[in-house]
Amino acid sequence: MTRCPCLSGMPLSECCAPIIDGRVTAPTAERLMRSRFTAFALGDADYLLKSWHPTTRPRSLQLDPDLRWYRLDIIGRSKGAFLDTEGTVEFVAHYRSPAGSGEQHENSRFLRDAGEWRYLAAVGPPAVDMVQ
């Protein structure tokens, strides 16, 4: 059994994989955030673009193959539940690279678009990227 990279404690096949492969939609903004982290960990740029809101989505996305995303900490959330149309999720995503360990701290905004949650953008100051 492969554990989900989002650290939910669930197997990947029961957690983020069904969302990433389109069998189910993310029921909350946090679940979409977790699936996006997992997509970064697995190197799935197609899913990242698909789960990005069309008004802010880049034309293409090149993932850095030298980054290994290994831990996700959810710091907080606001709205983003089953009946909401928007929400935010604050998180810290940890990675390793040839240059050392680092983390990305972001408060992400999500919108429900045509019944599906989509990543819109970071909220507030620019995302913090700290290499240790």
Side-chain angles (χ1 to χ4, degrees):
M1 169 183 73
T2 301
R3 293 244 181 234
C4 193
C6 82
L7 300 182
S8 66
M10 295 174 54
L12 175 61
S13 63
E14 297 174 20
C15 188
C16 291
I19 296 170
I20 291 170
D21 69 21
R23 285 182 279 150
V24 299
T25 60
T28 65
E30 181 180 334
R31 286 294 305 274
L32 183 70
M33 173 61 238
R34 288 180 175 280
S35 72
R36 287 177 56 82
F37 173 82
T38 296
F40 273 105
L42 299 175
D44 191 337
D46 290 339
Y47 174 74
L48 291 166
L49 287 170
K50 178 183 165 214
S51 61
W52 213 308
H53 196 274
T55 62
T56 57
R57 176 177 39 223
R59 289 179 189 242
S60 64
L61 182 63
Q62 297 295 321
L63 299 179
D64 184 342
D66 290 333
L67 291 183
R68 188 175 78 74
W69 297 93
Y70 69 92
R71 189 174 105 207
L72 175 66
D73 298 325
I74 302 295
I75 306 301
R77 67 197 63 70
S78 174
K79 298 185 181 178
F82 300 104
L83 300 176
D84 294 322
T85 57
E86 62 181 79
T88 61
V89 179
E90 183 179 3
F91 67 91
V92 178
H94 302 265
Y95 64 85
R96 288 189 182 100
S97 74
S101 296
E103 59 186 38
Q104 179 171 334
H105 184 182
E106 183 175 313
N107 192 15
S108 295
R109 184 171 176 214
F110 297 87
L111 294 178
R112 193 184 298 261
D113 179 46
E116 294 188 30
W117 286 104
R118 302 277 185 235
Y119 168 74
L120 184 66
V123 177
V128 176
D129 182 25
M130 300 172 275
V131 177
Q132 303 170 346

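Residue numbers start at 1 and run along the sequence shown.
- Taken to the nearest 0.5 Å, the OG atom of Ser108 stands 7.5 Å off from the CZ atom of Arg36.
- Side-chain heavy atoms closer than 4.5 Å link hydrophobic residues (I, L, V, M, F, W, Y) into clusters, and following such links, possibly through other members, connects Ile74 to Phe37.
- Counting heavy atoms from C-beta outward, Ser51 and Leu32 have side chains that approach closer than 4.5 Å.
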Take Leu61 and Trp52 through the side-chain contact (heavy atoms from CB on, under 4.5 Å) test and state the conclusion after the steps. CA-CA 11 Å; Leu61 182 63; Trp52 213 308; 4.2 Å; yes

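- The hydrophobic cluster containing Met1, built from Ile/Leu/Val/Met/Phe/Trp/Tyr side-chain heavy atoms closer than 4.5 Å, comprises no other residue.
- Here the CZ atom belonging to Arg71 is positioned 10.0 Å from the OG atom belonging to Ser101, to the nearest 0.5 angstrom.
- Heavy-atom minimum distance, Pro54 versus Arg57: CB-NH2, 3.2 Å.
- Side-chain contact check for Leu48 versus Leu63: some heavy-atom pair is nearer than 4.5 Å.
- Stacking of Arg96 on the aromatic ring of Trp69 is not recorded, the 6.0 Å distance cut-off and the 45° axial limit not both being met.
- A 4.5 Å side-chain heavy-atom check between Gln104 and Val92 finds every atom pair outside the cut-off.
- Here the closest heavy-atom approach between residue Cys4 and residue Thr38 is recorded as SG-OG1, 3.6 Å.
- Between the CD atom of Glu30 and the OG atom of Ser35 there is a distance of 11.0 Å, given to the nearest 0.5 Å.
- Counting all heavy atoms, side chain and backbone alike, Glu90 lies closest to Asn107 at N-OD1, 3.4 Å.
- The main-chain N or O of Leu120 is found under 3.5 Å from a side-chain atom of Thr56 such that the two form a donor-acceptor pair.
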When the side chains of residues 110-119 are checked against the rest of the protein, which donor-acceptor pairs come out under 3.5 Å, sequence neighbours left out?
from   : atom 1 : to     : atom 2 : distance (Å)
Arg112 : NE     : Asp84  : O      : 3.0
Arg112 : NH2    : Ala81  : O      : 3.1
Arg112 : NH2    : Phe82  : O      : 2.6
Arg112 : NH2    : Asp84  : O      : 3.3
Glu116 : OE1    : Arg118 : NH1    : 3.4
Glu116 : OE1    : Arg118 : NH2    : 3.2
Trp117 : NE1    : Pro27  : O      : 3.4
Arg118 : NH1    : Lys50  : O      : 3.3
Tyr119 : OH     : Glu106 : OE2    : 3.0
Tyr119 : OH     : Ala122 : N      : 3.3

Pair up each side-chain donor or acceptor in residues 12-25 with any protein partner under 3.5 Å, not counting sequence neighbours, and list the distances.
from  : atom 1 : to    : atom 2 : distance (Å)
Asp21 : OD1    : Arg23 : N      : 3.1
Asp21 : OD1    : Arg23 : NE     : 3.1
Asp21 : OD2    : Arg23 : NE     : 2.9
Asp21 : OD2    : Arg23 : NH2    : 3.0

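- The shortest distance between side-chain heavy atoms of Asp73 and Phe91 does not fall below 4.5 Å.
- Side-chain contact between Leu72 and Pro5 is absent, with no heavy atoms from C-beta onward closer than 4.5 Å.
- A donor-acceptor contact shorter than 3.5 Å is absent between the side chain of Arg68 and the backbone of Tyr95.
- No side-chain donor-acceptor contact under 3.5 Å links Arg109 to the backbone of Thr88.
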side-chain contact (heavy atoms from CB on, under 4.5 Å) between Asp64 and Ser97, intermediate numbers included: CA-CA 9 Å; Asp64 184 342; Ser97 74; over 6 Å; no

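- Atom OH of Tyr47 sits about 11.5 Å away from atom CZ of Phe40, to the nearest 0.5 Å.
- Between the NE2 atom in His94 and the NE2 atom in His105 there is a gap of 9.5 Å [rounded to 0.5 Å].
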